[in-house]
Amino acid sequence: MNTEIVTIEANNREYNRLITLADKDFNLQAYNSALSNYKSALQIKPDESYPAERISQIELIIDQKQTDDRYRQFLLAADGFFRSNNLEHAKDGYLKALEVKPDEEYPKLQISRIDETLQKLAQRTSSPTIQQPEPVLQTPVTTPVAQQNTTPERTITDASDAYYQSLIALADETFGKNQFNVSRAWYYKALEVKPTEGYPAVRIAEINRILNSMQLSQRDGEYQQFINQGDEAFRNDQLAVARGWYNRALSIRANDDYARSQIAEIQQTINSRLQGGADQVFAEFIKEGDKAFTEKNYSVARVYYQRALQLKPSDGLLREKLEAVRKALFGE
């Protein structure tokens, strides 16, 4: 009887130990290790419902993660082909992505765009009338002035396209590395360049869905909430508010690169604006000082020049102006 009691107590201790380890691993998203410990605990107490429920939950999470990974792999490959104008391979990639997730809208949208583009290309190659665009182009170009205006517009568009594509490339690359907060920030920057583009908006929505669906511990959930609120405030140019949220995120993850980089960018923006404001005030002081000097109001000119000197103590030209004022005042 005593031996049986000892065995039961030993089993209870081992069961509790395994459950504690499994729960810790689960909260850290170390699902394979957690799964192993829950299964071991279930072998000790087969009638317990808790480890069985956790095992089912982890298996669903792992299946979903595998599905998400396969979907992203097909999508990234398809997006790469699409950007390089390899439309047939891109379409094949989007179709494979749809096989994994049939309800996703983005691959359907891309396939529709590809079909439309391929149809237009087919019409151009099959119809000789399409190869004569001169009348269409010549109609609005009635004067040399109108013709001159087309070049800078095209140059600006090309520059914007190049910048937009570079932002999308960065966003896609970080998305593929599961750096979702960083990726989302790049997609938002791309939207600032081209607000009507559908691709970054769809990607942002997908990232938000992924982040919302991830099984996070309480602290990870709080971290992500702080990052989301910081990003929103940052996009709304509420820099002090954004910095506060990012600092709260750092209180959970002290070495988080994304929060640190956002705070650094905020400080850089603030410094730039302060510098711009200081430059404007400096210019106003110089303007008023020069005006007073021209009108021979030397005392007034000296006041404005000295105010300007407080903003830029090493400005050589300003010191020459002050020396000219001194000579004028003392008749040298």
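Start at 1 with the first residue, then count along the sequence.
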Novice: So, taking the atom named CZ in F180 and the one named CD1 in I227, what distance separates them when rounded to the nearest 0.5 Å?
Specialist: 15.0 Å

Novice: What is the distance from atom CG of L87 to atom CD of Q110, rounded to the nearest 0.5 Å?
Specialist: 10.0 Å

Novice: Roughly how far, to the nearest 0.5 Å, is CG of N37 from CZ of R54?
Specialist: 12.5 Å

Novice: Parallel, tilted or perpendicular for F26 and Y38, by the 30°/60° rule?
Specialist: perpendicular

Novice: Could you check whether any side-chain heavy atom of V241 comes within less than 4.5 Å of a side-chain heavy atom of F234, counting everything from C-beta outward?
Specialist: no

Novice: Could you go through the ring pair (Phe, Tyr, Trp, His ring centres under 6.0 Å) check for Y106 and Y199 one step at a time?
Specialist: CA-CA 8 Å; Y106 174 69; Y199 177 67; 5.0 Å; yes

Novice: Verify, without hydrogens or angle tests, whether S261 (side chain) and D257 (backbone) share a donor-acceptor contact under 3.5 angstrom.
Specialist: yes

Novice: Is the shortest distance from a Lys or Arg side-chain nitrogen in E206 or K101 to a carboxylate oxygen in the other one below 4.0 Å?
Specialist: no

Novice: Could you tell me whether the side chain of K39 reaches within less than 4.5 Å of the side chain of I55, counting heavy atoms only?
Specialist: yes

Novice: Within the structure provided, determine whether I19 and P51 are in side-chain contact (heavy-atom separation under 4.5 Å).
Specialist: yes

Novice: In terms of hydrophobic clustering (I, L, V, M, F, W, Y; side-chain heavy atoms under 4.5 Å; direct or indirect links), are L21 and I61 co-clustered?
Specialist: no

Novice: At their closest point, which heavy atom of K321 faces which heavy atom of I286, and how far apart are they?
Specialist: CE-CG2, 4.3 Å

Novice: So does E173 pair up with K177, basic N to acidic O under 4.0 Å?
Specialist: yes

Novice: Taking the cut-offs as 6.0 angstrom to the six-membered ring centre and 45 degrees off its axis, would you call R203 and Y187 a cation-pi pair?
Specialist: no

Novice: Do any N or O atoms from the side chain of S183 and from the backbone of Q179 form a donor-acceptor pair under 3.5 angstrom?
Specialist: no

Novice: When hydrophobic residues are tied together by side-chain contacts of less than 4.5 Å, even through go-betweens, does L60 share a cluster with L211?
Specialist: no

Novice: May I ask you to test the V182-F175 pair for a side-chain heavy-atom distance under 4.5 Å?
Specialist: no

Novice: Between S36 (side chain) and N32 (backbone), is there a donor-acceptor pair under 3.5 Å?
Specialist: no

Novice: Supply the atom-to-atom distance Y164 OH to E197 CD, rounded to the nearest 0.5 angstrom.
Specialist: 4.0 Å

Novice: Taking E265 as the fixed residue, which of R243, K189, R260 is the one that meets the salt bridge (Lys or Arg N to Asp or Glu O under 4.0 Å) rule?
Specialist: K189

Novice: How many angstroms lie between atom OH of Y15 and atom CD of E48, to the nearest 0.5 angstrom?
Specialist: 4.0 Å

Novice: Give a yes or no on whether the backbone of R248 and the side-chain of S251 come within a donor-acceptor separation of less than 3.5 Å.
Specialist: yes

Novice: Under the side chain to side chain donor-acceptor pair (under 3.5 Å) criterion, do R302 and Y298 qualify, and how do the steps go?
Specialist: CA-CA 6 Å; R302 182 171 59 181; Y298 300 122; over 6 Å; no

Novice: Quick check: do I114 and T117 have side-chain heavy atoms less than 4.5 Å from each other?
Specialist: no

Novice: Report the C-alpha distance between N12 and K45 in whole Å, list the side-chain angles of each, state the deciding distance to 0.1 Å, and finish with yes or no for side chain to side chain donor-acceptor pair (under 3.5 Å).
Specialist: CA-CA 9 Å; N12 286 338; K45 293 190 177 183; 2.7 Å; yes

Novice: If only atom types and distance count, is the side chain of T174 paired as donor or acceptor with the main-chain N or O of A171 below 3.5 Å?
Specialist: yes

Novice: Less than 4.0 angstrom from a charged side-chain N to a carboxylate O is my criterion; do K287 and E284 meet it?
Specialist: no

Novice: Is the closest side-chain heavy-atom distance between Y50 and L42 below 4.5 Å?
Specialist: no

Novice: For the residue pair N208 and R184, establish whether any side-chain heavy-atom pair is separated by less than 4.5 Å.
Specialist: yes

Novice: Do the side chains of E88 and K91 get close enough for a salt bridge, i.e. N-O under 4.0 angstrom?
Specialist: no

Novice: Do K96 and E99 meet the salt-bridge criterion of a basic N to acidic O distance under 4.0 Å?
Specialist: no

Novice: Does any donor atom in the side chain of E232 or N228 lie under 3.5 Å from an acceptor atom in the other side chain?
Specialist: no

Novice: State the CH2-CD1 distance between W245 and I263, to the nearest 0.5 angstrom.
Specialist: 13.5 Å

Novice: Check the side chains of Q224 and N181 for a donor-acceptor pair under 3.5 angstrom, ignoring hydrogens and angles.
Specialist: yes

Novice: For D231 and Y246, does a side-chain donor sit closer than 3.5 Å to a side-chain acceptor?
Specialist: yes

Novice: For D315 and Y305, test the side chains for any donor-to-acceptor distance below 3.5 angstrom and give the result as yes or no.
Specialist: no

Novice: Does a side-chain heavy-atom distance below 4.5 Å link D256 with Y223?
Specialist: yes

